[in-house]
Amino acid sequence: NAGVTQTPKFRILKIGQSMTLQCTQDMNHNYMYWYRQDPGMGLKLIYYSVGAGITDKGEVPNGYNVSRSTTEDFPLRLELAAPSQTSVYFCASVLGVSYNEQFFGPGTRLTVL
Amino acid sequence: GENVEQHPSTLSVQEGDSAVIKCTYSDSASNYFPWYKQELGKRPQLIIDIRSNVGEKKDQRIAVTLNKTAKHFSLHITETQPEDSAVYFCAASNNQFYFGTGTSLTVIP
């Protein structure tokens, strides 16, 4: 199993550009999450999904969108990138309600200039 | 929503001493409390977790305690080693995960 994979590893965007951060898991996990981690801070939940076709907002959803058309994939879309979105983005997955251990992807470091 | 507070933000200990990190949470619906270790530039790594129906859990040099009434939980690392140096995060969960702001632990050889 590859676990949770994320692409790209690094990206520099100009203000106003858009991009999609990819996240894929091959463990047949139902729950998937997107976090951002600013320097010296904990992780903040952006969006999460409890299954294909179901998504919900977390603590900091503004400026982002997600979709979950398959169990495996949970892409995060940034529209009109802003410097405040400079951060490290982690995707994570959990099997289900009674199996809480989160498996994290390696992260995407995004800089918006 | 849930609010998780973590203290201290930095902690330095001599090798062999114990380290204790404390967290509080606000939502009584939270039922799962993991602790993560994160090294510089790496993803968070689960080191121990506890569910709300358990008061204490131990795994070798690492232990976690949970006081549901007071809504606080703590990480205890005994016989610290230089390789324990990292940032540690607590979290509280009931489907969503809410993280503390982290504790930077330095173990001095």
Side-chain angles (χ1 to χ4, degrees), chain A residues 2-7 9-10 21 23 25 27 29-51 54-61 66 68 87-111, chain B residues 1-10 21-27 29-54 57 59 64 66 73 75 86-106:
Chain A
V4 181
T5 58
Q6 292 182 237
T7 57
K9 286 187 170 55
F10 304 94
L21 282 67
C23 175
Q25 53 89 13
M27 298 174 284
H29 284 180
N30 294 308
Y31 290 54
M32 295 187 75
Y33 305 82
W34 272 108
Y35 298 94
R36 60 177 287 171
Q37 185 176 31
D38 298 334
M41 300 297 290
L43 283 74
K44 295 284 189 184
L45 182 63
I46 304 171
Y47 271 95
Y48 69 105
S49 168
V50 301
I54 305 169
T55 63
D56 211 344
K57 295 178 180 179
E59 293 177 86
V60 289
V66 294
R68 184 97 182 268
S87 192
V88 179
Y89 291 83
F90 288 101
C91 179
S93 70
V94 171
L95 177 58
V97 173
S98 299
Y99 303 90
N100 302 93
E101 181 180 354
Q102 280 192 112
F103 292 81
F104 283 90
T108 294
R109 185 175 296 274
L110 176 68
T111 302
Chain B
E2 175 65 277
N3 181 45
V4 177
E5 296 191 357
Q6 182 173 346
H7 299 281
S9 56
T10 60
I21 303 170
K22 298 183 178 182
C23 288
T24 61
Y25 64 100
S26 60
D27 189 350
S30 292
N31 57 17
Y32 174 67
F33 305 91
W35 285 89
Y36 298 90
K37 177 182 181 181
Q38 188 177 30
E39 296 174 337
L40 193 63
K42 300 289 181 68
R43 73 191 84 183
Q45 180 182 15
L46 180 71
I47 55 171
I48 196 167
D49 56 12
I50 192 167
R51 300 182 193 279
S52 58
N53 58 350
V54 176
K57 183 177 179 181
D59 183 5
V64 57
L66 171 65
F73 56 114
L75 176 72
V87 179
Y88 291 80
F89 292 97
C90 63
S93 174
N94 180 20
N95 289 345
Q96 297 188 47
F97 286 77
Y98 295 87
F99 285 77
T101 50
T103 297
S104 178
L105 174 65
T106 302

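Chain A is the first sequence line, chain B the second, and so forth, proteins listed ahead of strands; every chain is numbered from 1.
Side-chain contact between B/Leu46 and A/Phe103 is absent, with no heavy atoms from C-beta onward closer than 4.5 Å.
Separating the CD atom in B/Gln45 from the CD atom in A/Gln102 is a distance of 14.0 Å, to the nearest 0.5 Å.
In summary, the side chains of A/Gln37 and B/Gln38 do present a donor paired with an acceptor at a separation below 3.5 Å, with no hydrogens or angles considered.
When ring centroids are compared, B/Phe99 and A/Tyr35 come within the 6.0 Å threshold.
Here the shortest heavy-atom pairing between A/Tyr48 and B/Gln96 reads OH-NE2, 3.3 Å.
Only the side chain of B/Tyr32 comes within contact range of chain A, with heavy atoms under 4.5 Å apart. Contacts of B/Pro34 with chain A are absent, with no heavy-atom separation under 4.5 Å from either backbone or side chain. If you measure heavy-atom distances from A/Leu45 to chain B, the contacts under 4.5 Å come from the side chain alone.
With sequence neighbours excluded, no residue satisfies salt bridge (charged side-chain N to carboxylate O under 4.0 Å, His left out) with B/Lys22. For A/Arg36, the side chain to side chain donor-acceptor pair (under 3.5 Å) criterion is met by A/Asp38, A/Tyr64, not counting sequence neighbours.
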One pair to check against ring pair (Phe, Tyr, Trp, His ring centres under 6.0 Å): A/Phe104 and B/Tyr36. What are the steps and the verdict? CA-CA 11 Å; A/Phe104 283 90; B/Tyr36 298 90; 5.6 Å; yes
Quick one, A/Tyr31 with B/Asn95, criterion side chain to side chain contact (heavy atoms under 4.5 Å, CB included). Give me CA distance, side-chain angles, the key distance, then yes/no. CA-CA 8 Å; A/Tyr31 290 54; B/Asn95 289 345; 3.6 Å; yes
Could you please spell out the steps behind the side chain to side chain contact (heavy atoms under 4.5 Å, CB included) verdict for B/Tyr98 and A/Glu59? CA-CA 9 Å; B/Tyr98 295 87; A/Glu59 293 177 86; 3.7 Å; yes
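Between chain B and the options A/Gly58, A/Gly105, A/Ala92, the largest number of non-hydrogen pairs under 4.5 Å is found for A/Gly105.
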